[in-house]
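Contents: one structure, followed by commentary.
The first residue in the sequence is number 1, and the count goes up from there.
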Amino acid sequence: MSTCLGLYIGNNLIKYAKVSKDNDKVKIDSFGMKFYDKLEESIQQVIEETYSYKTPISINLSNEEYDYFSLFSLLNKKDMHNVINTEFESRCNDKGINKEGFETRYVLVEDFTDKEKIKAIHVSANKADIEKKIQQLEGYKVSSISPIGISIANLLEHKEKENALIVNIEDKTTITTIMDKKIVDVEVLEEGTSQILNNINMKENSYLKAYEICKNTTIYTNAGQDLQYEENQYLDDIMPTLYNIVGQIRKITNESLIKIDKVYITGTASVISNIDIYFQEYLTEMKCEILKPYFIQNVQAKINMKDYIEVNSAIALALQGLKDGIKGVNFKKENLADKLPEWLTQEIGSGSKNLKAGSKFSLEFDFKSKLTALESNLMRIITAILLIIILYTTSTTFILQAMNKKMQEISKAKTNVTNQIELVNKDIETIKTNTSKYISMKEKLQSINDKISDKNKTKNAIPNLLNRIMYIIPTEVQITSIENITGNHVTINAQALTYEQLGYFTAKLKVDGILTNIVSDSGQKQENVVKITIEGDLP
């Protein structure tokens with residue numbers, strides 16, 4: 001049985017889950033979350049509580065960035081690797097940053113928009129951030145450092161021909177797109193629970209209390225069947241962030257060539273009651289639900305399902321450490337201890353014949369007695385290592401001599417290539433200058449055409465809209481402004497004395513087909529007047 005401790009380390013909290021796997025059977029041994037002031041002390045508490053002194057630990061990457069590179073599928077692996085490195089180096093040069101300061105990994109996936117190409121999902125992270133995480137866990141066995149945007153897919157029971165989004169709302173929000181069992185895109189939003197908890201913490205001066213407030217909050221919905229807006233003073237701290245996240249999801253689904261069937265919600269914000277219903281109101285063309293780990297039906301029935309979901313990120317990281325999910329995204333470089341067999345570093349249990357229960361393995365032999373099978377294997381390993389060292393030393397001497405000769409030849413060739421590159425760069429600069437002129441002229445012409453097109457489309461849009469609204473608007477509702485900035489999209493600002501009047505007006509716009517794709521905010525009450533913003537598209 002393999003065991004791994006997953007640690008999701010956020011700005012103010014740690015989520016942890018110790019997960020065991022025996023063949024296909026997965027079991028959660030312990031889990032929980034802690035808010036911390038001193039990270040190292042909280043990590044030590046988690047290690048002690050879960051008894052994970054020698055257990056492999058899998059943690060999340062921080063501040064990672066995702067890039068996407070398109071490659072021809074006929075290239076071999078070596079050429080693909082070189083192209084990806086070149087593309088990333090070019091991106092770094094454009095941003096004015098040093099490529100050598102970043103650790104990178106990438107995953108090759110099918111490009112569903114072009115069958116002749118392959119897409120590389122490229123992940124990069126600052127080496128200093130990675131080293132800092134390793135130092136925070138110094139003395140423990142860190143085996144995996146993985147991006148949560150990819151690892152979170154380990155929780156999903158992938159279904160054929162199902163396209164889904166996993167929206168993981170932690171400090172930041174990652175939106176992972178899965179198409180037919182494969183991850184094809186990961187997008188990171190700055191909006192997340194850090195904003196929500198920070199806003200409430202400013203009022204309560206306690207992140208733990210802020211979290212409990214989120215956990216006990218029920219989202220106000222337009223249907224009016226849930227908690228009334230005035231009854232929860234913290235909704236103003238919660239709703240703007242969720243509204244922005246929903247807006248980004250709508251933008252992703254509208255721009256995507258892939259039809260999304262489901263949206264799975266997870267992360268710290270998933271503890272807010274009715275968050276899935278709130279998402280469903282805006283994402284009507286797909287089903288929204290809270291993400292449950294695929295093996296959840298096998299776990300202890302006495303524990304509330306919601307408690308597991310709270311630590312989904314930690315569970316996903318633990319599964320990544322247990323070699324589930326996509327390979328090749330581990331940012332932890334292997335050292336000698338990682339390469340040793342597991343029985344050389346773990347503590348021996350009560351089943352050992354030669355050692356006392358709970359004692360550590362010791363490389364001590366009694367040469368008067370007959371060697372055991374374990375001791376014989378160790379002797380073979382040590383002998384093999386010594387032979388390898390001798391061969392390596394001898395061959396290195398000859399290789400260094402040959403390398404010195406080659407280096408001199410390379411130096412001459414490099415000088416010639418450098419001269420040729422300078423000539424090519426001059427030609428490239430000339431081409432770029434002319435290209436910029438042509439692109440500028442093309443953009444100006446396109447801008448003029450777009451303005452003429454928009455003007456023709458919307459010439460009579462507002463008068464016609466006002467004429468239709470005149471017949472359905474309640475007498476108690478007052479329209480303060482109507483805007484039509486681009487295309488068919490219209491923004492209406494209205495006010496009334498009660499929410500019900502505005503709700504009736506919004507419903508009539510939907511039912512009578514005056515506007516499509518209608519989205520409205522939750523409204524703001526100022527003095528005795530309720531103000532609301534309604535957005536939609538002209539039919």
Side-chain angles (χ1 to χ4, degrees), residues 63-129 147 149 175 177 183-190 248 251-252 254-258 328 331 407 409-455 485-487:
N63 302 317
E64 68 269 22
E65 293 188 8
Y66 294 85
D67 292 299
Y68 300 91
F69 304 130
S70 184
L71 311 168
F72 286 104
S73 58
L74 297 179
L75 293 175
N76 58 43
K77 289 185 178 180
K78 183 178 179 180
D79 290 338
M80 286 185 180
H81 180 76
N82 292 335
V83 170
I84 291 169
N85 284 341
T86 302
E87 289 283 352
F88 179 65
E89 185 174 1
S90 177
R91 294 278 176 95
C92 290
N93 291 335
D94 293 341
K95 296 177 182 179
I97 56 179
N98 185 6
K99 170 181 176 290
E100 299 304 320
F102 293 85
E103 193 74 29
T104 63
R105 301 289 185 272
Y106 62 86
V107 179
L108 299 177
V109 297
E110 183 179 353
D111 189 340
F112 293 96
T113 62
D114 190 341
K115 294 183 179 179
E116 295 182 357
K117 292 187 176 182
I118 290 177
K119 183 168 72 172
I121 303 177
H122 186 273
V123 190
S124 58
N126 193 293
K127 289 181 179 179
D129 288 343
I175 302 176
T177 305
I183 295 176
V184 296
D185 187 82
V186 179
E187 185 162 341
V188 181
L189 309 181
E190 292 299 320
Q248 289 293 331
K251 181 181 178 182
I252 291 171
N254 290 338
E255 294 177 355
S256 175
L257 300 176
I258 304 171
F331 280 70
M407 288 298 293
E409 296 175 3
I410 290 171
S411 180
K412 293 179 182 179
K414 185 178 179 181
T415 302
N416 293 331
V417 171
T418 301
N419 294 333
Q420 294 298 322
I421 289 175
E422 289 179 356
L423 295 174
V424 172
N425 287 336
K426 291 180 181 179
D427 294 338
I428 290 173
E429 289 299 323
T430 303
I431 293 171
K432 285 183 177 179
T433 301
N434 293 331
T435 302
S436 298
K437 293 179 181 178
Y438 295 140
I439 290 174
S440 178
M441 294 172 63
K442 182 179 178 182
E443 289 177 348
K444 289 179 180 178
L445 289 173
Q446 185 64 41
S447 177
I448 293 170
N449 289 334
D450 291 343
K451 289 180 180 178
I452 294 172
S453 177
D454 288 342
K455 186 174 181 181
I485 297 174
T486 58

Polar side-chain atom of [X] near backbone of [Y] as donor-acceptor pair, under 3.5 Å:
| X | Y | result |
| --- | --- | --- |
| Ser411 | Met407 | no |
| Thr86 | Asn82 | yes |
| Ser436 | Lys432 | yes |
| Lys119 | Val184 | yes |

Output a table of donor-acceptor pairs, distance under 3.5 Å, between side-chain atoms of residues 419-428 and any protein atom two or more places apart or on a different chain; print 'none' if there are none.
{"residue": "Asn419", "atom": "ND2", "partner": "Thr415", "partner atom": "O", "Å": "3.3"}
{"residue": "Asn425", "atom": "ND2", "partner": "Ile421", "partner atom": "O", "Å": "3.3"}

task = Could you tell me which residues satisfy salt bridge (charged side-chain N to carboxylate O under 4.0 Å, His left out) with Glu409, sequence neighbours excluded, listed by chain and number?
result =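 Only Lys406 meet the salt bridge (charged side-chain N to carboxylate O under 4.0 Å, His left out) criterion with Glu409.
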task = Return the set of residues passing side-chain hydrogen bond (donor to acceptor under 3.5 Å, both in side chains) with Asp111 (not counting sequence neighbours), or none when no residue passes.
result =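 If we apply the side-chain hydrogen bond (donor to acceptor under 3.5 Å, both in side chains) test to Asp111, skipping adjacent residues, the hits are Thr113.
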How close do [X] and [Y] get, counting heavy atoms only, and between which atoms?
| X | Y | value |
| --- | --- | --- |
| Ile183 | Val109 | O-CG1, 3.2 Å |
| Pro147 | Tyr66 | CB-OH, 3.4 Å |
| Ser73 | Met80 | O-CE, 3.9 Å |

request  = State whether the number of non-hydrogen atoms from other residues, nucleotides or ligands found under 6.0 Å of Lys414 atom NZ is greater than 12.
outcome  =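 No - once you tally the heavy atoms of other residues, nucleotides and ligands closer than 6.0 Å, there are 12 at most.
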inquiry  = Phe72: which residues meet the side chain to side chain contact (heavy atoms under 4.5 Å, CB included) condition with it, sequence neighbours left out?
reply    =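 Once residues adjacent in sequence are excluded, the partners of Phe72 under the side chain to side chain contact (heavy atoms under 4.5 Å, CB included) criterion are Leu75, Lys117.
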About how many Å separate [atom2] of [Y] and [atom1] of [X], when rounded to the nearest 0.5 Å?
| X | Y | atom1 | atom2 | result |
| --- | --- | --- | --- | --- |
| Leu71 | Leu108 | CG | CG | 6.5 Å |
| Ile252 | Ile175 | CD1 | CD1 | 3.5 Å |
| Asn63 | Asn126 | CG | CG | 8.5 Å |

Side-chain donor-acceptor distances from residues 88-96 under 3.5 Å, at least two apart:
{"residue": "Arg91", "atom": "NH1", "partner": "Asp67", "partner atom": "OD1", "Å": "3.0"}
{"residue": "Asn93", "atom": "ND2", "partner": "Glu89", "partner atom": "O", "Å": "3.3"}
{"residue": "Lys95", "atom": "NZ", "partner": "Glu65", "partner atom": "OE1", "Å": "3.3"}

For residues 98-107, please give each side-chain donor-acceptor pair under 3.5 Å, one per line with the distance, not counting sequence neighbours.
{"residue": "Asn98", "atom": "OD1", "partner": "Glu100", "partner atom": "N", "Å": "3.1"}
{"residue": "Glu103", "atom": "OE2", "partner": "Arg105", "partner atom": "NH1", "Å": "3.0"}
{"residue": "Arg105", "atom": "NE", "partner": "Asn330", "partner atom": "O", "Å": "2.8"}
{"residue": "Arg105", "atom": "NH2", "partner": "Asn330", "partner atom": "O", "Å": "3.2"}
{"residue": "Tyr106", "atom": "OH", "partner": "His81", "partner atom": "ND1", "Å": "3.0"}

